[in-house]
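Just so we're clear, the structure is a prediction, and the values are computed from it rather than from any experiment.
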Amino acid sequence: MTELSFNPEEKNRLFRLNMQILADAFSEHDQNVTFYSQNDRPCLEGIRLYKKGKKLYSRYVYLLQSADVDQTFLDYRDVDFIAVGRIDISCIHPSCPVIELKSGTDFLDAFELVQEIFAKYRQWDRRLQYALASEHPLDEMLLASLGLFGNPMFIHDTDFYILSCPRYVQGMTVWERDSRTGRSMVPLSLIHDFKADTEYLDTLSKKSPDLFSAEQRGYRILYVNLWNGSRYEGRICVDEIQSEIQEGNYLALEYLGQSIELAIKHKSLFYLSMGNDMDRFFNEYLDGTITDPQRILNYLYFLHWKQNDRYLCLRLETEQRDINMLSAAATLGHIETQIPTGHAFLYQNSIAVVVNLSYAHNTSSEVISSLAILMREGLLKMGASSEISDFMLVPQGYIQASAALDLGRKSDSMTWCYRFDDYLLEYLLKKGREEIPPQLLCSEKLLLLKKYDDNNKTDLYHTAKVYLELERNVLQTAKELYIHRSTLFYRLERIRKIAGIDFEDSRERLTLRLSFYILEQKLET
């Protein structure tokens, strides 16, 4: 589960009811209701009993008997009332919404009903807050809302892919399965109808909930568009199939939309909707299971990434090489908090991270540094690939990260991050040794020289090694070997005659240096 970071205003969000929601509830309970309102504000947090002379607050609705209403009520401004029995509405200031219940309504029953309504919406609000930090927030939010709206609900994105539809009801649109991505989507025929429909096109600019007529689908759809700043991200839809849409549903849907927009603000809507699908995609992509370039490009599109952006691959493991699932969830969340432009997931008992460096104009060093505290406190080791300029090469980049981690752990390095660039030579030699034993990867001339030393108790092998390491600098080599320059020239001439080594040949010098490395390191075969 990814831990999102919200500012104090976002954390202290609270759904406040309006009088329309209460009027709808009374109507549903077969109450004869008259609702007077010129100024119905979403400001209510609870109900209070009216008591003459007591100060009234705009955040409460006050329950009273019709006999309580007189000319003094004209002094109240922006206060909400529920009156049991008929009242003279002229006695109440127009800024005060009033629900008038029929005479004979039980006063205590009315009070308990309103309390239940507030409790119901508080519980709904809490579930939305919990959903924000859950693994599948869109599904959790819609599941929490189904009972409130009494109708099936779903969310689609700008391309009509279904992001969440937790419950299917007979009569709803039957989704198609996109063969390229494997995701559910609105049928293409219906998409074409929408794009040619002037009513639908008008809905795309709406900033508040609205009702789509029954002309297209045979039933009305209450919807609210989802926005990330000025960018349209998709839509929540409530199909009027099981029960009649109520006026109060507009306010609740607006709040639900704001909750989802809050999640969008802190994390890409694609991440929120895909969840395990994204992990599965990256696992299959690294495994080589996904080979269709178009499918790969489709995922890039949803991520808002480009094929030729700059990418970095990381592989993380614990010192014990055993990723605990509970700690892994927290670690994944921390990584994505530190690297918002990356995706972290479990892969083959390790944590894999694919980072888009272009998205925030980061460098590899900045990304690696951002994980320093996590790595040290969590006793983690990390392998890092070279910078990659083509997403199609990400699987090979992960091979680099894995190789760097494996080789780095075998070295004496005490660092927590191993970069592939620092272990390129070891990797090339390791790959060569997979088919050819080390002694057959070495220069035949060098092996001949080493054999001569062993048989004759000479030091020509070491002389050649130091001479090459010091870039054929005669003075420095003689000093390092504690011999005279003339002695060095003598040894070099003997090396040439015994092994046929030509120190003037740059290619031969490279071969010799690699051969020295193989023999000196005593790497595993």
Side chain to side chain contact (heavy atoms under 4.5 Å, CB included) between T72 and K52, intermediate numbers included: CA-CA 10 Å; T72 62; K52 192 175 182 65; 3.5 Å; yes
Donor-acceptor under 3.5 Å (R77 side chain, L74 main chain): yes
Heavy-atom check, side chain of F154 versus side chain of T173, under 4.5 Å: no
Test item: L17 and F118 side chains (from C-beta on) under 4.5 Å apart, heavy atoms: yes
Any donor-acceptor N/O pair, N18 side chain to I21 backbone, under 3.5 Å: yes
Donor-acceptor side-chain pairing of Q129 and R126 below 3.5 angstrom: no
Donor-acceptor side-chain pairing of Q216 and D193 below 3.5 angstrom: no
Residue pair L44, Y121: steps toward the side chain to side chain contact (heavy atoms under 4.5 Å, CB included) verdict: CA-CA 11 Å; L44 301 176; Y121 278 89; over 6 Å; no
Centroid-centroid distance, Y398 to Y285, less than 6.0 Å: no
Side-chain (N225) to main-chain (K207) donor-acceptor, under 3.5 angstrom: no
Nearest non-hydrogen partners of S103 and G85, listed with the distance: OG-CA, 3.6 Å
Side chain to side chain contact (heavy atoms under 4.5 Å, CB included) between Y200 and T203, intermediate numbers included: CA-CA 5 Å; Y200 173 77; T203 68; 3.8 Å; yes
Side chain to side chain, Y62 and Y57, heavy atoms closer than 4.5 Å: yes
Heavy-atom side-chain contact between D70 and C91 under 4.5 Å: no
E284 side chain to I290 backbone, donor-acceptor under 3.5 Å: no
Flag for R41-S58: side-chain donor and acceptor within less than 3.5 Å: no
Working for side chain to side chain contact (heavy atoms under 4.5 Å, CB included), residues L128 and Y255: CA-CA 10 Å; L128 294 185; Y255 186 77; 3.9 Å; yes
N/O donor-acceptor pair under 3.5 Å between N356 side chain and W305 backbone: no
Y347 and F282 aromatic centres sub-6.0 Å: no
Side-chain donor-acceptor pair present, N39, S95, cut-off under 3.5 Å: no
